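Written out below as structure tokens is the structure these notes cover.
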Amino acid sequence: PDAVAYEFLGATVTYREFGQCIDQVADGLAALGLRAGDRLTIALPTSPQGVIAFYAALRLGAVCAMIHPLSTAPEVERLLTISRSRIALTLDALYDRFRGARASGLLDTLILTHLADMLPPLRRLGFWLVQGRKIPRVPRDAPVRWWRELLAPHAPSAPRPVLETNAMAGILFSGGTLGTPKGIMLSHRNFIADGMQLADWVGMREGDRVLVVLPLFHGFGLGALVNAGFMH
């Protein structure tokens with residue numbers, strides 16, 4: 001539990017802290033109404049929030065639809081419709097791309113996070129001084145929830161359903177090179193097999209370091225780099 005799970009922009013997190021954070025976010029998502037079989041759309045760059053939300057949703061038996069964070073507003077609405085997501089998580093900087101879907105009733109809940117939310121205080125301050133001031137402000141009265149609410153310890157512990165390995169765990173979208181992107185349904189077994197095969201192929205062992213440079217909405221980034229790394 002005290003081994004390092006991941007490093008992000010200078011922040012080092014152990015497996016114990018990682019697991020506790022996943023549990024807290026799972027309870028927070030459950031308090032917002034996410035249930036087994038529901039779909040959560042995640043539109044984030046490669047960041048701890050996206051990884052934590054992915055595992056937290058799976059812990060509840062929900063399904064994660066991973067989409068490109070720079071999708072246009074019409075693309076967002078189309079992908080939300082395809083995945084039947086009623087809850088979405090994205091960056092505060094991308095609020096305008098999701099605002100229409102929330103206003104039209106396509107989304108029940110929109111959760112926003114700052115990129116610096118998972119950084120230590122000093123680095124968070126540095127981020128705001130250098131980059132944060134350039135991000136458009138979300139209106140104070142915007143009908144959104146915030147990532148830090150999910151980390152609050154007040155949410156009751158949500159029941160953990162018994163999951164089938166062949167149950168759907170994620171929806172990734174094709175590149176759409178021959179038409180509009182198609183939703184690719186992946187099971188828990190798919191992610192497990194992907195992680196085991198990749199680790200065996202490259203000889204991944206406990207203690208190895210994996211540089212994750214591919215995005216979370218990419219099958220290789222999510223399955224082969226993130227999931228395989230944590231599995232091993």
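Quick note: residue numbers are just sequence positions, from 1. Heavy-atom basis, side chains included; hydrogens, waters and symmetry copies ignored. From a predicted model like this one, the values you see are computed outputs, not experimental measurements.
His114 contributes no side-chain N or O that, together with a main-chain N or O of Ala116, makes up a donor-acceptor pair within less than 3.5 Å. With hydrogens and angles ignored, the 3.5 Å screen pairs no side-chain donor or acceptor of Arg84 with any backbone N or O of Ile82. Using modelled atom types, one side-chain atom of Ser47 and one backbone atom of Pro45 make a donor-acceptor pair closer than 3.5 Å. Side chain of Arg35 to main chain of Ala62: no donor-acceptor pair is present (N/O by atom type, distance under 3.5 Å, no hydrogens or angles).
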Please evaluate residues Leu70 and Leu94 with respect to the criterion side chain to side chain contact (heavy atoms under 4.5 Å, CB included), reporting the C-alpha separation (whole Å), side-chain torsions for both, the decisive distance (0.1 Å), and the verdict. CA-CA 8 Å; Leu70 297 183; Leu94 304 178; 4.3 Å; yes
Is there a side chain to side chain contact (heavy atoms under 4.5 Å, CB included) between Leu225 and Leu214? Walk through the geometry before answering. CA-CA 8 Å; Leu225 298 182; Leu214 292 173; 4.1 Å; yes
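Under the rule for a side chain to side chain donor-acceptor pair (under 3.5 Å), the partners of Thr72 that lie at least two apart in sequence or sit in another chain are Glu75. A search for salt bridge (charged side-chain N to carboxylate O under 4.0 Å, His left out) contacts involving Asp141 returns nothing, not counting sequence neighbours. Under the salt bridge (charged side-chain N to carboxylate O under 4.0 Å, His left out) criterion, Arg148 pairs with Asp117, not counting sequence neighbours. Partners of Ser71 under the side chain to side chain donor-acceptor pair (under 3.5 Å) rule, at least two apart in sequence or in another chain, do not exist in this structure. With sequence neighbours left out, Glu164 forms a salt bridge (charged side-chain N to carboxylate O under 4.0 Å, His left out) with no residue at all. Partners of Asp108 according to the side chain to side chain donor-acceptor pair (under 3.5 Å) rule, which considers only residues two or more places apart in sequence or in another chain, are Arg86. Residues passing the salt bridge (charged side-chain N to carboxylate O under 4.0 Å, His left out) test with Arg160, sequence neighbours excluded: Asp23, Asp27. A search for ring pair (Phe, Tyr, Trp, His ring centres under 6.0 Å) contacts involving Phe217 returns His68, not counting sequence neighbours.
Using a 4.5 Å cut-off between side-chain heavy atoms of Ile, Leu, Val, Met, Phe, Trp and Tyr, with links allowed through other members, Val226 and Ile52 fall into the same hydrophobic cluster. Under the 4.5 Å side-chain heavy-atom criterion for ILVMFWY residues, a single connected hydrophobic cluster contains both Leu44 and Leu32.
When all heavy atoms are compared, the tightest approach of Leu29 to Ala57 is CD1-N, 4.3 Å. A pairwise comparison of heavy atoms in Asn227 and Ile192 identifies ND2-N, 4.4 Å as the closest pair. Closest heavy-atom contact between Leu91 and Leu112: O-CD2, 3.7 Å. For the pair Arg59 and Pro161, the tightest heavy-atom approach, listed with the atom from each and the gap, is O-CD, 3.6 Å. When all heavy atoms of Leu216 and Leu172 are compared, the pair lying nearest together is O-CD2, 4.5 Å. Ile42 approaches Cys64 most closely through the heavy-atom pair CD1-SG, 3.9 Å.
Rounding to the nearest 0.5 angstrom, the gap separating the CZ atom in Arg78 from the CG atom in Leu106 is 13.0 Å. The CE atom of Met66 sits 13.0 Å away from atom CG of Leu79, with the distance rounded to the nearest 0.5 Å. Atom CZ of Arg39 and atom CG of Leu80 lie 12.5 Å apart (nearest 0.5 Å). Here the CD1 atom belonging to Ile67 is positioned 7.5 Å from the OG1 atom belonging to Thr90, to the nearest 0.5 angstrom. Here the SG atom belonging to Cys21 is positioned 5.0 Å from the CG atom belonging to Leu151, to the nearest 0.5 angstrom. Atom CD in Gln49 sits 10.5 Å away from atom CG in Leu150 (nearest 0.5 Å).
The ring pair (Phe, Tyr, Trp, His ring centres under 6.0 Å) analysis of residues 176-199, with sequence neighbours excluded, yields the pairs Phe54-Phe191. Applying the ring pair (Phe, Tyr, Trp, His ring centres under 6.0 Å) test to every pair with at least one member in residues 19-49, sequence neighbours left out, gives no pairs at all. Here salt bridge (Lys or Arg N to Asp or Glu O under 4.0 Å) pairs that include residues 171-194, with residues two or more places apart or in two chains, number zero. Judged as a ring pair (Phe, Tyr, Trp, His ring centres under 6.0 Å), the pairs with a partner in residues 1-37 (not counting sequence neighbours) are, in order, Tyr6-Phe18, Phe18-Phe230.
Within 6.0 Å of atom CE in Met204, more than 12 heavy atoms from other residues, nucleotides or ligands are found, so the atom counts as buried in its surroundings. More than 12 heavy atoms of other residues, nucleotides or ligands sit less than 6.0 Å from atom CE of Met231.
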